[in-house]
Amino acid sequence: MEISLQEMMRETGDQSMTVHTVAEGPSGSLPITGEMLRSAPSGEIFGMTQNSGMGWNPLLLNRPQYLLLGTMGGIRREDGSPLALGYHTGHWEIGLMMEEVAHEITAHQGIPFAGYVSDPCDGRSQGTTGMFDSLPYRNDAAVVLRRLIRSLPTRKGVLGIATCDKGLPAMMLALAGMRDLPGVIVPGGVALPPVQGEDAGKVQSIGARFSNGELSLEEAADLGCRACATPGGGCQFLGTAATAQVVAEALGMTVPHAALAPSGQPVWKDMGRQSARALLQIEHSGIVMKDILTDQAIRNAMVVHAAFGGSTNLLLHLPAIAHAAGLRIPSVEDWNEVNRKVPRLVSVLPNGPVPHPTIRVFLAGGVPEVMLHLRRLGLIDDSVLTVTGRTLGENLDWWETSQRRQLMRKRLTEADGINPDNVIMSPEEAKRQGMASTMTFPTGNLAPQGSVIKSAAIDPSVLDSEGVYRHTGRVKVFTAEKEAIRSIKLGLVGAGDILAVIGRGPSGTGMEETYQLTSALKHLPFGKFVTLITDARFSGVSTGACIGHIGPEALAGGPLGRLRDGDWVEVVVDTVRLTGSVSLVGDGELPGLAQDGCVLLASRAAHPLLAVDPGLPDDTRLWAALQSASGGTWQGCIYDTDKIIAALEAGRQALGWK
């Protein structure tokens, strides 16, 4: 479209040329004293001037101030229609929640301030170079959010309002790092599924299914249009967004029954007002983040994560939250121990056994309902403090006998004809239905530092009678995700193949999320007979025999980077004992043993095509270097300031810099 300069510079009317040069300014006067003028920082007094200039009643400017930080994106008209789109539904209705919180703060004689740091969408950036900024965004956003908190020195507390894959972990990191400040997380809720159609996870595979003749063009277009049935909230499955909400509540950072509420609905808006009252309560009581975030709270969150069957991405986020809070970072062994002890109790998309959407989990009782079961098993510490100002035990006692619990569970039966005890099961019922524990951490000569698989997501039909997945096959090696998905769409991948996607960890791509691969394999008929191994990560909705987070990553010298097409790879995952291995076992006519693979790996150089992605931004290269110096993937891809400074100083001395 060609626009002339005259048309480009067209005014909206004659009034646009009537420019005023002075204004009356607000009426009234600042509520200041002589002592304030003598001793207060000039910034505090000028802040009052700006508050008055923005229209706040000057007589009320001495009231306590509270900061609302949100991940809002897009511009909504008053009727809810879009004037400018957001990146995703998860931040589209955040502004509505911030209004509710602001009204409640004002009603309690406080002054709400609001700031925004919007967030990207992993679903939107799948398979694109936008994914190179996804995980690094989390760290950068947390830094910006903390800077915004510190930049309002007069705030008494902070409410962080966020929903999705990176925005919510970033918000939790930010509040965890403000250890001496009261803070509350307000989850942005979930979207509803369509009456007829697919959820937002399955619908991301329409390209692969169409390419393999599983869908017509008309079917793909129809399903793709309707998958996001409501305009706000995170996706309808227990992916990273929903799991992050669950973990926030399990940490005690939210009010009870906050995670997975339906975005935009009255119960969700009420939760915002409840959260505001919680902040006022803990600020009055002198309770701050370091009182809530403890080692015991971190372990509780790990236990709840296992009971829900949550996203493996939280292996990156929960350690980072622990680090920000100054707590012990959980190790692979800690995760392993928790997953061995904790039964999976929630039947939810994508792993079932019945694919209930997250709204049903909310109505069945959500996090507090799951924690009631865990408390009876002695698996959680209910003495920890929460943002209600009460202990977790007190919160659970309230929930167990609350009218809210009764009405929510009744509503699920009335609305969907679902028994809530079939969504959140008792340990006995979960065992009867064969619910596998959530995660396994395979090692082996290709993953000496470890890896992770959501073993609960392996199709039961490919397990042996003892619950063990065994696959030995020839490997097809890809150094770019786009080549791997192209091969799947062209029918070049089939049952029995093992796909290795290498060089896609932090150093190569910012540790891209490869959901388009795992989604395609889940929803293609032969996919359950294919194994994927990679140093990248997966979406929380990923399923199947998909092993990620392999360490060391290929570009850091990891043995995964020395694989070649046609090598024999053996994968074993015991979904009962939660043990496993990923090993090269030869390159001859027949597979050998892991010892043979060790010899081969030691004799080889890196794959000739292994390289940093040419499109990797400098910002992400810097992030990759900083997180590597801080301990890498299994430390949560954090910024450890002391380690980074020590590494820089050692490098400076080695180079002879003055």
Side-chain angles (χ1 to χ4, degrees), residues 1-32 36-37 40-63 65-107 110-121 124 130 133 137 140-141 144-145 147-155 159 161-162 167 188 231-232 264 617 619:
M1 179 176 66
E2 184 70 27
I3 302 176
S4 68
L5 182 59
Q6 182 177 3
E7 174 64 19
M8 186 184 303
M9 299 303 295
R10 174 173 52 85
E11 289 90 19
T12 56
D14 293 340
Q15 289 185 346
S16 65
M17 293 295 102
T18 305
V19 179
H20 299 283
T21 58
V22 293
E24 288 294 332
S27 60
S29 60
L30 299 181
I32 54 177
M36 290 174 65
L37 291 173
S42 65
E44 288 188 15
I45 298 171
F46 181 58
M48 297 175 75
T49 299
Q50 294 202 71
N51 297 344
S52 178
M54 286 183 279
W56 206 265
N57 185 342
L59 295 177
L60 306 179
L61 289 177
N62 276 332
R63 290 181 171 180
Q65 300 174 4
Y66 300 92
L67 177 58
L68 321 181
L69 288 175
T71 56
M72 186 179 79
I75 305 173
R76 292 166 47 96
R77 294 185 177 92
E78 287 189 10
D79 65 0
S81 63
L83 181 60
L85 291 167
Y87 285 42
H88 55 99
T89 61
H91 64 209
W92 180 245
E93 293 185 329
I94 289 292
L96 300 179
M97 176 62 83
M98 296 185 80
E99 287 181 22
E100 297 293 328
V101 173
H103 282 307
E104 193 69 21
I105 293 291
T106 304
I111 302 178
F113 283 72
Y116 306 90
V117 179
S118 197
D119 54 349
C121 175
R124 185 179 293 272
D133 289 291
Y137 161 90
D140 296 345
V144 172
L145 289 164
R147 290 192 188 280
L148 286 174
I149 294 170
R150 292 191 293 263
S151 296
L152 187 67
T154 50
R155 76 281 181 268
L159 287 109
I161 305 162
D619 300 330

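Values reported hereafter were calculated over all heavy atoms of this structure, with side chains retained and with hydrogens, waters and symmetry mates removed.
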[X] [atom1] to [Y] [atom2] distance, which is reported to the nearest 0.5 Å:
| X | Y | atom1 | atom2 | value |
| --- | --- | --- | --- | --- |
| L37 | I45 | CG | CD1 | 4.5 Å |
| R150 | L145 | CZ | CG | 10.5 Å |
| D133 | D140 | CG | CG | 8.5 Å |

message = Tell me whether R147 at atom CZ has more than 12 heavy atoms from other residues, nucleotides or ligands lying less than 6.0 Å away.
response = no

ask   = Considering residues, nucleotides and ligands other than M9, do more than 12 of their heavy atoms fall under 6.0 Å from its CE?
value = no

key: Pair L60-I111, side-chain contact (heavy atoms from CB on, under 4.5 Å): steps then yes or no   = CA-CA 8 Å; L60 306 179; I111 302 178; 5.6 Å; no

What pairs of donor and acceptor atoms, side-chain ones from residues 70-80 against any protein atom, are under 3.5 angstrom apart with sequence neighbours left out?
unit_1	atom_1	unit_2	atom_2	d
R77	NH1	P82	O	2.8
D79	OD1	S81	N	2.9
D79	OD1	S81	OG	2.6

request  = Report yes or no: does R155 contribute a side-chain atom to a donor-acceptor pair with the main-chain N or O of I149 at less than 3.5 Å?
outcome  =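 Pair found, side chain donor or acceptor close to backbone of I149.
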
Contacts of type side-chain contact (heavy atoms from CB on, under 4.5 Å), residue [X], not counting sequence neighbours:
| X | answer |
| --- | --- |
| P112 | W56, L68, A102, I105, T106 |
| S4 | Q6, E7 |
| S16 | E11, T12 |

key: side-chain hydrogen bond (donor to acceptor under 3.5 Å, both in side chains) partners for N51, two or more places apart   = none

ask   = Taking only residues two or more places apart in sequence, or in another chain, which ones meet S52 in a side-chain hydrogen bond (donor to acceptor under 3.5 Å, both in side chains)?
value = none

task = Hey, can you tell me if Y87 and H91 have their rings parallel, tilted or perpendicular (30° and 60° cut-offs)?
result =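 If you compare the ring of Y87 with that of H91, the planes turn out perpendicular.
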
ask   = Can L69 and V117 be said to form a side-chain contact (heavy atoms from CB on, under 4.5 Å), step by step?
value = CA-CA 8 Å; L69 288 175; V117 179; 5.8 Å; no

inquiry  = Between N62 and M48, is there a side-chain heavy-atom distance shorter than 4.5 Å?
reply    = yes

message = In the structure I gave you, are the side-chain heavy atoms of Y137 and D619 within less than 4.5 Å of one another anywhere?
response =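 No. Closest side-chain heavy atoms not under 4.5 Å.
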
